[in-house]
Amino acid sequence: MFHVYKAYPGDPPSLSDINLHVRKGEFVFLTGPSGAGKTTLLKLVFCAEKATKGQILVGGRNIARIRESAIPYLRRNIGVVFQDFKLLPHRTVADNVAFTLDVVGMPRREGMARVTQVLKQVGLEHKAGSLPLRLSGGEQQRVVIARALVNDPTILLADEPTGNLDPALTVEIMDLLCAVNVRGTTVVVATHDASLIARYDKRTVRLERGLIVADQDGAKAARRMAGAE
Amino acid sequence: MSATAKAAYFWRAAVQGIRRAPFVHFIAVLTIALALFAIGLARGGGELLESLISSIGSEVELTVYLKPDATDADAKEIAAALSKRTGTEAVVVPPDVALGRLAAQLGELGSTLTGLPENPLPVSVEVRVPEAVRGPGGLRALAEKVRQSPAVEAVDYGEEAVERLSAIALALRWGGLVGFALVLLATAIISSATLQLAIYARREEIEIQKLVGATDRFAKIPFLIEGMLQGLAGAAAAVGGLHLFWALAGPRLSSLLAFLSVGGCVARGVDPVLALQLAGLGCGLGLAGSFVAVGRFLRV
């Protein structure tokens, strides 16, 4: 991201002069208090919002000037774990996950094999036929992660993926995201949970009032957060 | 990426969409069915009206009165010319036949005609005017042409009545057309609004589809298929309703109109062409309504 600004009419800028470089295969925590601009920054990456000013390169492509018709193809390479899950309540877990594969036109049989594989990965293969509302918060979060991973994205964006979970489930989800990162996927996790950052030795970018106020490597960030705790 | 897999997905998604919200879809189908029923009824009513006008118009007759010195050959020649021009049979009416008819029309007073020293009525030629020349302009032109013959004394076709009938027919046709257009417009608006309600309930699904990389076209197609299926179901219900309506009310309407006119007005009901037109219109309404409605929720 180069000198990226995002402002909504009548409001102070959500993001100001953001310069951020995330390398391929990196794991980055995006942290800061509520309203710091973490979610907005993630939205800019998967084109749910457009930057007011500046350049955003994803895989070498400037998405600040992307055509509307090209956005879906960009999104197919980015898995997103939404804060509010965004699961379809009337579709089964398997159907929710398979949804991403339907979009790319994968034949149903082949798609279901892939869905089973990814549900196994998140430990939910036994819940494939359940409806999302019958699952716990942690299980729903894992369905969302499965949906984000099923298409083998090069980038995974997670917005407060552990926000509603108890400590045990938080660790479970974070370990899952780390495992995905080990397999080569670039992972960006937005969180305001200092204990999470302290626990994992990862690069941390801190946002406050739309500005990047700190960008520290794993060890430093963990030490700082451990001190803050 | 397989086109077959996508097509299979579109149909599966459309059918699942209908199965998941049967009530909303039932309302949409009912709205389209009622709208198409109204259109079918308007068209059937229009046809009945046309048939009534045509039936009344078939009474229009042109009578050519020949000069007293005209010969039988003149009468036959004029009748032949009229037959050729109108395509219907022209009848020569000898003076004694005309006098007999007049006596019959006069009833009891008819007997006074027998006292006349000689038959004052001329030879005449009568022709039932076909629909093609039944308008005031056509009849006037025909009368002018016939008048040019030296053997013709006068031509009568009830000019005033024809002009009045023609004006009434024109007003009814235009009124029918405007009414039909209004029904069609109302139908399009109501159907679109109902389909929008149906799609509004599933706006989240569209949003999620877009967020996981669906193109606008991909998100739209299942809804368009749903719209088309709703239109077809609505059309089928409307055709069924119209069939029932004409089966029950048709004979009564025909007999009522036969009483008003001379006959020949028959409520035809639902023919295959109308059924196909309604199916096409239903599909079009469903597709257009869904297209407009789903477009509103695609901006993600």
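By convention in this document, chain letters (A, B, ...) are assigned in the order of the sequence lines, proteins followed by strands, and residues within each chain are numbered from 1.
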- [ ] Check whether any side-chain heavy atom of B/Ile208 lies under 4.5 Å from a side-chain heavy atom of A/Leu88, and answer yes or no.
- [x] yes
Open item on the list: Quick check on B/Arg202 against chain A: is it the side chain, the backbone, both or neither that has a heavy atom closer than 4.5 Å?
Closed with: neither
Task: Option in A/His90, A/Glu110, A/Arg147, A/Arg108 with maximal non-hydrogen atom pairs under 4.5 Å from chain B - done: A/Arg108
- [ ] Against chain A, work out which of B/Arg217, B/Glu204, B/Gln209, B/Gln16 has the most heavy-atom pairs shorter than 4.5 Å and name it.
- [x] B/Gln209
- [ ] Measure across B/Arg12 and A/Asp102 and return the closest heavy-atom pair with its distance rounded to 0.1 Å.
- [x] NH2-OD1, 3.6 Å
- [ ] For residues B/Asp216 and A/Glu68, determine if any side-chain heavy atom of one lies less than 4.5 Å from a side-chain heavy atom of the other.
- [x] no
Open item on the list: For B/Val212, run the side chain to side chain contact (heavy atoms under 4.5 Å, CB included) check against A/Val80, A/Val103, A/Leu101 and tell me which one passes.
Closed with: A/Val103
Open item on the list: How long is the straight-line distance from OG1 of B/Thr215 back to CZ of A/Arg76, given to the nearest 0.5 Å?
Closed with: 6.0 Å
- [ ] Against chain B, label A/Leu87 side chain, backbone, both or neither, depending on which of its atoms sit under 4.5 Å from a heavy atom there.
- [x] backbone
TODO: Would you indicate whether B/Tyr200, at its atom OH, is surrounded by more than 12 heavy atoms from other residues, nucleotides or ligands within a distance under 6.0 Å?
DONE: no
Task: Minimal non-hydrogen separation, A/Pro72 against B/Gly213, with atom names - done: CB-O, 3.3 Å
Open item on the list: For the CZ atom on B/Phe291, are there more than 12 heavy atoms of other groups (residues, nucleotides or ligands in this structure) within a distance under 6.0 Å?
Closed with: no
Open item on the list: For the NZ atom on A/Lys43, are there more than 12 heavy atoms of other groups (residues, nucleotides or ligands in this structure) within a distance under 6.0 Å?
Closed with: no
Task: Backbone N/O of B/Lys210 and side chain of A/Arg75: donor-acceptor pair under 3.5 Å - done: yes
